[in-house]
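Since the structure comes first, as structure tokens, the remarks are kept for the end.
Reminder, nothing fancy here: chain letters follow the sequence lines and each chain counts from 1. Bear in mind the structure is a predicted one, so any value in this text is a computation, not a measurement.
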Protein chains: 2
Amino acid sequence: MIRGSAMAATIKDVARLAGVSQSSVCRALAKPEQVRPETRERVERAARDLGYYPNRAARGLITGRTANIGVVLPDLANPFFPSVVKAIQTQARLFDYAVFLSDTDEDPAVETSLIRALAKQVDGFLLCSPRAGDEELRACDRELQTPIVVLNRRVSPFPSVTADSADGMRQAVGHLHALGHRRIAYVAGPRTSWSNRDRLRGLRSATSSYDMDLIEAGNVAPTVDGGAAVADLVAASPATAVIAYNDLVALGLLNRFRAREIAVPGRISVVGFDDILLAGLVTPALTTVAIAKEQIGRAGVELLLDLLGGRSPVNKRTPTQLIVRASTGPVPQ
Amino acid sequence: MIRGSAMAATIKDVARLAGVSQSSVCRALAKPEQVRPETRERVERAARDLGYYPNRAARGLITGRTANIGVVLPDLANPFFPSVVKAIQTQARLFDYAVFLSDTDEDPAVETSLIRALAKQVDGFLLCSPRAGDEELRACDRELQTPIVVLNRRVSPFPSVTADSADGMRQAVGHLHALGHRRIAYVAGPRTSWSNRDRLRGLRSATSSYDMDLIEAGNVAPTVDGGAAVADLVAASPATAVIAYNDLVALGLLNRFRAREIAVPGRISVVGFDDILLAGLVTPALTTVAIAKEQIGRAGVELLLDLLGGRSPVNKRTPTQLIVRASTGPVPQ
DNA sequence: TTGAAAGCGATACCAC
DNA sequence: GTGGTATCGCTTTCAA
């Protein structure tokens with residue numbers, strides 16, 4: 001490769017212009033106190049004049065630290081994830097980490113192959129709601145030796161951040177019970193989703209402790225269309241209220257119910273999960289279990305940094321909070 | 001650094017295990033046809049056994065190609081961007097590129113500093129709706145020599161992909177004119193946003209050719225709250241229809257109008273821009289100018305690859321399409 | 001306090 | 001067809 005004037009400046013260029021050695025440039029920039037003020041200034045001037053920024057990849061090669069973190073998630077089109085990613089970004093930047101982002105399109109195979117491909121370019125991974133099996137993830141880990149933190153799922157032995165769905169479900173069911181509902185339907189999300197299983201588990205425990213009937217529908221894709229697809233099934237069931245796997249599914253239900261002129265909450269109450277922006281803006285506004293998305297992202301980065309710093313992080317569980325809006329009401333007589 | 005059994009395998013390990021030189025490993029993996037089948041098999045076996053994946057950063061150092069592209073955008077919380085990013089990801093993966101993502105929080109200073117920091121780790125940038133000034137962007141470019149493609153904005157001399165806002169505005173204005181409206185308000189987005197200026201330009205030309213009055217409000221943040229903040233101003237104006245900078249702003253208007261029981265479209269018609277998922281789900285559903293988000297993302301990657309391949313890409317303009325929904329109706333008598 | 005030199009992991013070139 | 005070696009940009013001993 002021929003170095004033309006067009007190439008970006010390297011440490012050599014700075015050294016030459018400042019009239020010192022590479023080592024001194026490196027020190028002047030990284031540990032200013034170890035170098036004579038005069039030298040430091042010369043280096044700083046030269047660096048500024050050349051617009052020098054160190055090549056982080058080259059640095060990573062020798063330090064073993066890339067200052068990148070990898071974020072893998074199933075579907076950026078689900079508004080839940082951008083919120084989490086945004087929080088991750090913000091927190092990562094605080095510690096001068098950059099973010100590699102990968103969308104797997106809900107495909108477990110893509111997921112593991114992406115992890116493998118990215119592994120050497122990042123110091124660690126934040127896997128958001130990974131769809132691959134526990135054993136596959138462990139295999140990746142053994143093979144790659146890249147620290148992994150899992151969000152929205154618990155997979156031993158990885159540190160993880162999860163929402164307290166059980167408590168969220170308890171709140172939701174308590175709310176519906178107070179309104180007089182005794183038969184609830186649940187529209188299940190993807191079979192591969194740990195959150196789905198977790199939410200269902202919490203829901204079962206809540207309904208049984210309230211001695212209510214639970215009717216399970218699904219599984220559906222975690223999208224508006226997924227919800228619309230089972231709306232008629234739900235309507236035909238004896239349920240007077242329905243809890244959806246997430247807000248998108250709930251919105252699908254709402255849409256289809258409106259199209260069929262099934263009154264919400266007059267004839268059936270609808271509860272979502274996640275509290276995405278949409279939930280508060282539709283009519284009727286959606287009652288939903290809010291998840292601390294920002295907190296999950298932030299905590300994920302913290303756990304990963306702990307891991308990287310040699311500390312052993314503990315799993316974190318973030319609170320959930322029922323947000324009551326217009327889509328739930330008293331059971332129809 | 002001490003190489004323990006815990007470290008991920010390198011090309012040396014593979015060479016040792018296969019009993020060949022590094023060079024052969026490299027060739028066997030990159031250009032299988034240039035090596036004896038027997039050697040290739042030995043190498044492949046060794047690589048598989050060790051779980052060897054090449055270090056892309058190290059490779060990039062020598063090839064000058066990182067196989068990464070950098071995506072920079074102002075706010076992931078605006079649903080418009082995840083759609084674009086998703087398309088970028090999909091297209092990038094087709095060509096085996098990984099994506100670095102950065103959210104600048106609408107801050108031009110963060111934007112340029114991120115670009116500089118990432119420059120060496122990517123082969124090129126896709127800047128989505130960058131907020132920095134033209135001259136700042138050009139300065140980055142001169143300094144870094146990293147190819148840049150700009151989305152949703154035109155900044156000479158960068159290749160760019162933009163939506164045909166003028167045509168979208170023409171469609172929207174034509175639609176409103178046909179409904180009898182003669183006085184339209186526009187709620188402007190961020191002053192730093194090129195799209196905002198572009199849309200306004202298109203709108204001015206459309207209203208003037210229809211001989212309609214244009215009342216300008218704003219500038220507001222491109223969010224729901226931004227829209228809500230000027231809703232009362234708009235309501236107090238003589239406008240019978242309002243076009244918002246984007247859908248989020250339009251939803252803010254819609255919300256506030258409902259709170260004040262200002263009928264939409266009975267008393268005032270509302271038009272958005274972008275056609276995010278939300279737009280179709282609120283009540284009344286939002287009439288909006290749809291932008292080809294996926295196409296923008298895809299075209300962006302294509303232009304960037306052209307640039308990287310030494311071809312000189314031409315600017316692209318993607319079509320817009322008015323989606324008529326319930327939020328627009330005949331002018332009130 | 002500074003400089004020379006080794007080396008991170010991979011590729012490319014040049015002999016053989 | 002294969003191996004040795006220089007090299008990418010940077011950090012880090014180790015001497016001076």
Return the minimal non-hydrogen interatomic distance between A:Tyr52 and A:Leu29, and the atom names on each side.
CE2-CD2, 3.7 Å
Just wondering, are more than 12 heavy atoms of other shown residues or ligands nearer than 6.0 Å to CZ in A:Arg311?
yes
Phosphate oxygens OP1/OP2 of D:dT2: is one of them under 4.0 Å from a side-chain N or O of B:Thr39?
yes
Euclidean distance, atom CZ of residue B:Arg16 to atom C1' of D:dG3 [Å, nearest integer]
16 Å
Lys/Arg-Asp/Glu bridge criterion (N-O < 4.0 Å) met for B:Arg154, B:Asp198:
no
Electrostatic pair B:Lys316:B:Glu302 at N-O distance under 4.0 angstrom:
yes
Test log, rule side chain to side chain contact (heavy atoms under 4.5 Å, CB included), inputs A:Arg153 and A:Ser129:
CA-CA 6 Å; A:Arg153 173 168 168 184; A:Ser129 314; over 6 Å; no
In B/S/- notation, 5' to 3', how is nucleotides 10-16 of chain C contacted by protein heavy atoms closer than 4.0 Å?
BBBB---
With a cut-off of less than 4.0 Å, is there a side-chain N or O of A:Ser24 near OP1 or OP2 of C:dT2?
no
Separation of D:dG9 atom P from B:Leu144 atom CG, nearest Å, is 15 Å
Looking at A:Val149, A:Leu137, A:Leu151, A:Val155, which hits side-chain contact (heavy atoms from CB on, under 4.5 Å) with A:Leu127?
A:Leu137
Measure the distance from CG on A:Leu29 to P on D:dT11 and round it to the nearest whole Å.
8 Å
